[in-house]
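Sequential numbering from 1 along the given sequence is applied to the chain's residues. In each ligand, atom 1 is the first atom listed, and ligand 1 is the first ligand listed. None of these values were measured; they are calculated from a predicted model.
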Amino acid sequence: MTQRDILIIGGGPSGLSTALHLARDFPHLIPRILILEKACYPRPKLCAGGLVLDAEVILQQLGLDVTEVPHVDVDNIHFDFEAKGLNVRLPKRHALRVIRRDEFDNWLAKKTRDKGIEIRERITVKNILPDQNGVTVETDQETFLSQVVVGADGSNGITRRCIFPNAPVYTARVLEVITPSQPPPNATEVHQSHLGEVPKGRERVAYFDFFTVPNNIAGYVWDFPTQVNGEAMRCWGVYDTNILAGAKRPQLRESLAKEMSRIGFDLDDYEIKGHPIRWFSPENPMSVPRVLMVGDTVGADPLFGEGISIALGYGALAAREIGESFQRNEFLFNKFRRRVLGSALGQTLIARWIIAYVIYPLKWKWFQILLWRIMKPIVILVAWLFVLNWGKRMK
Ligand SMILES: Cc1cc2nc3c(=O)[nH]c(=O)nc-3n(C[C@H](O)[C@H](O)[C@H](O)COP(=O)(O)OP(=O)(O)OC[C@H]3O[C@@H](n4cnc5c(N)ncnc54)[C@H](O)[C@@H]3O)c2cc1C
């Protein structure tokens, strides 16, 4: 049996952020950390790659510059209902940065290794058994004994299944498609839109359209600029929190196909992929003695399914919890939940959870029009105060 004091299961943004924060704040723990990752970098991860400013703030606090990763800057974000609504632009800077997750996670893993932290790839955790003396972690290769385990293994991960097999699960359905940046030249449906005019100059604009909500799809369709191997592309997708799951809903792909056809793309021409997102609810459990969970394992943002900045934020909190536990030589983690909920991250997650339960069940068309087209200043103010800008307060 191999012994390592801090085992992090999963080398995505939440696991790597936990390790990087430990390295920054408790450097004496570096040789005691091991990250177990089932894939091999650069590994594929289904994700639109939209990085909000809070993610960049947390990375900057770690001394990392995300512009080292190939990216596309987005100047305008549209929050629309049927192609008309609210345009968000930040003075003198980008509103969103779009990365590809294989490249971003590979970069972050390299930065983690540069700090002297060991990452083992192609090793899959199969079982996690905490007891008073430590945590036994069984993998497809060997068994580890650890003082502390961090479950950072994402929405489908093993940690949650082992530690909280009966806890309620709130999971969004998400589909994603990558297309060229321009529709094929023979596209005939452009300008025949039932939803409005095709927007011009879309290269640096990201769209969220909530036209799906009156059809009981409690989410939106997105359309982001992105790049793949340096070539300009678009990333499309549809997000459904499942908050309206009790009502009759069309197939998820129908909403995506509708939005794509408005711009001249035929969904059937492209490969469609799906992955769930486990989202945050204040009742979600976060720890047991010797085991902490971070990132999607606890829950991403329910409102938009935004999870990269959130995962980085969980990592900062978990590192503090672990570092202090080693100082006290006590690993109950019974205050971790209070730490998360009382933090700037916890406050934004609670705010987004409340907003999701307000704006999605009020699914009438007139309400969505009111929200995205008429109440613009109020929506921007609420977003500025309660949804964004939490990264700076994570110090
Ligand atoms: C279609 C889609 C689009 C999205 N778009 C955005 C977006 O634009 N912006 C945004 O902020 N968020 C987005 N998200 C959410 C975001 O991808 C997640 O919130 C984020 O990846 C969570 O990070 P994580 O580190 O918690 O988990 P993950 O990124 O899922 O990482 C978990 C890691 O654990 C590893 N692992 C899993 N099981 C095991 C095991 N048994 N043993 C060892 N290793 C294991 C996995 O290989 C993986 O590397 C999107 C999600 C989806 C599905």
Which option, [options], owns the non-hydrogen atom nearest [atom]?
{"atom": "atom 21 (O) of ligand 1", "options": "Lys38, Arg101, Glu176", "value": "Arg101"}
{"atom": "atom 23 (O) of ligand 1", "options": "Pro13, Gly315, Gly295", "value": "Pro13"}
{"atom": "atom 27 (O) of ligand 1", "options": "Gly154, Gly15, Gly12", "value": "Gly154"}
{"atom": "atom 19 (O) of ligand 1", "options": "Thr139, Asp54, Asp296, Thr159", "value": "Asp296"}

Examine the proximity of ligand 1 to [X] and report which part, side chain or backbone, both or neither, has a heavy atom under 4.0 Å away.
{"X": "Ile277", "result": "side chain"}
{"X": "Val52", "result": "neither"}
{"X": "Lys126", "result": "neither"}
{"X": "Ala152", "result": "backbone"}
{"X": "Thr124", "result": "both"}
{"X": "Arg43", "result": "side chain"}
{"X": "Ile308", "result": "both"}

Is any N or O atom of [X], backbone or side chain, closer than 3.5 Å to an N or O atom of ligand 1?
{"X": "Val125", "answer": "yes"}
{"X": "His275", "answer": "no"}
{"X": "Ser14", "answer": "yes"}

Derivation and outcome, side-chain contact (heavy atoms from CB on, under 4.5 Å), residues Arg122 and Lys38
CA-CA 4 Å; Arg122 296 195 188 92; Lys38 73 174 177 188; over 6 Å; no
Which atoms of ligand 1 are found less than 4.0 Å from any heavy atom of [X]?
{"X": "Ala48", "answer": "3 (C), 4 (C), 5 (N), 6 (C), 8 (O)"}
{"X": "Leu36", "answer": "43 (C), 44 (N)"}
{"X": "Ala311", "answer": "23 (O)"}
{"X": "Ile158", "answer": "41 (N)"}
{"X": "Gly49", "answer": "7 (C), 8 (O)"}
{"X": "Ile123", "answer": "42 (N), 43 (C)"}
{"X": "Gly305", "answer": "12 (N), 13 (C), 14 (N), 15 (C)"}

Identify which one of Trp353, Tyr170, Phe304 satisfies the ring pair (Phe, Tyr, Trp, His ring centres under 6.0 Å) criterion when paired with Trp279.
Tyr170
Closer than 4.0 angstrom, basic N to acidic O: yes or no for [X] and [Y]?
{"X": "Asp105", "Y": "Arg100", "answer": "no"}
{"X": "Lys365", "Y": "Glu82", "answer": "yes"}
{"X": "Arg32", "Y": "Glu118", "answer": "no"}
{"X": "Glu324", "Y": "Arg339", "answer": "yes"}
{"X": "Arg249", "Y": "Asp240", "answer": "yes"}
{"X": "Arg234", "Y": "Asp223", "answer": "yes"}

In terms of residue, atom name and distance, what is the protein heavy atom nearest to [atom]?
{"atom": "atom 10 (C) of ligand 1", "value": "Gly307 N, 3.3 Å"}
{"atom": "atom 52 (C) of ligand 1", "value": "Leu46 O, 3.4 Å"}
{"atom": "atom 37 (C) of ligand 1", "value": "Asp153 O, 3.3 Å"}
{"atom": "atom 46 (C) of ligand 1", "value": "Glu37 OE2, 3.5 Å"}
{"atom": "atom 34 (O) of ligand 1", "value": "Gly10 CA, 3.2 Å"}
{"atom": "atom 13 (C) of ligand 1", "value": "Cys47 SG, 3.4 Å"}
{"atom": "atom 28 (P) of ligand 1", "value": "Lys45 CE, 4.0 Å"}
{"atom": "atom 7 (C) of ligand 1", "value": "Gly50 N, 3.5 Å"}

Would the number of heavy atoms belonging to other residues, nucleotides or ligands and lying under 6.0 Å from NZ of Lys45 be above 12?
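Above 12, so yes.
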Which heavy atom of Ala356 sits nearest a heavy atom of Pro361, and at what distance?
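Answer, listing the atom of Ala356 first, then Pro361: O-CD, 3.4 Å.
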Specify the closest pair of heavy atoms between Glu259 and Phe211, including all atoms of both residues, with the distance to one decimal.
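Heavy-atom minimum between the residues: OE1-CE2, 3.8 Å.
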Donor-acceptor list for residues 384-394 side chains, cut-off 3.5 Å, not counting sequence neighbours:
from	atom 1	to	atom 2	distance (Å)
Asn389	ND2	Trp384	O	3.2
Trp390	NE1	Asp54	OD2	3.2

Which pairs pass side-chain hydrogen bond (donor to acceptor under 3.5 Å, both in side chains) with one or both residues in residues 296-309, sequence neighbours excluded?
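The answer is Asp153-Thr297, Ser155-Asp296, Asp301-Arg352, Glu306-Ser309, Glu306-Arg352.
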For Val52 and Arg97, run side-chain contact (heavy atoms from CB on, under 4.5 Å): C-alpha distance rounded to whole Å, both residues' side-chain angles, the deciding distance at 0.1 Å, then the answer.
CA-CA 7 Å; Val52 295; Arg97 197 156 252 163; over 6 Å; no
Stepwise side-chain contact (heavy atoms from CB on, under 4.5 Å) check, Thr139 with Thr124:
CA-CA 5 Å; Thr139 74; Thr124 302; over 6 Å; no
The test is side chain to side chain donor-acceptor pair (under 3.5 Å); show your working for Arg120 and Gln141 and say whether it passes.
CA-CA 11 Å; Arg120 274 187 57 185; Gln141 291 165 34; 3.2 Å; yes
With side-chain contact (heavy atoms from CB on, under 4.5 Å) as the criterion, how do Val74 and Phe224 come out once you've worked through the C-alpha distance, each side chain's angles and the decisive distance to 0.1 Å?
CA-CA 8 Å; Val74 166; Phe224 291 177; 5.8 Å; no
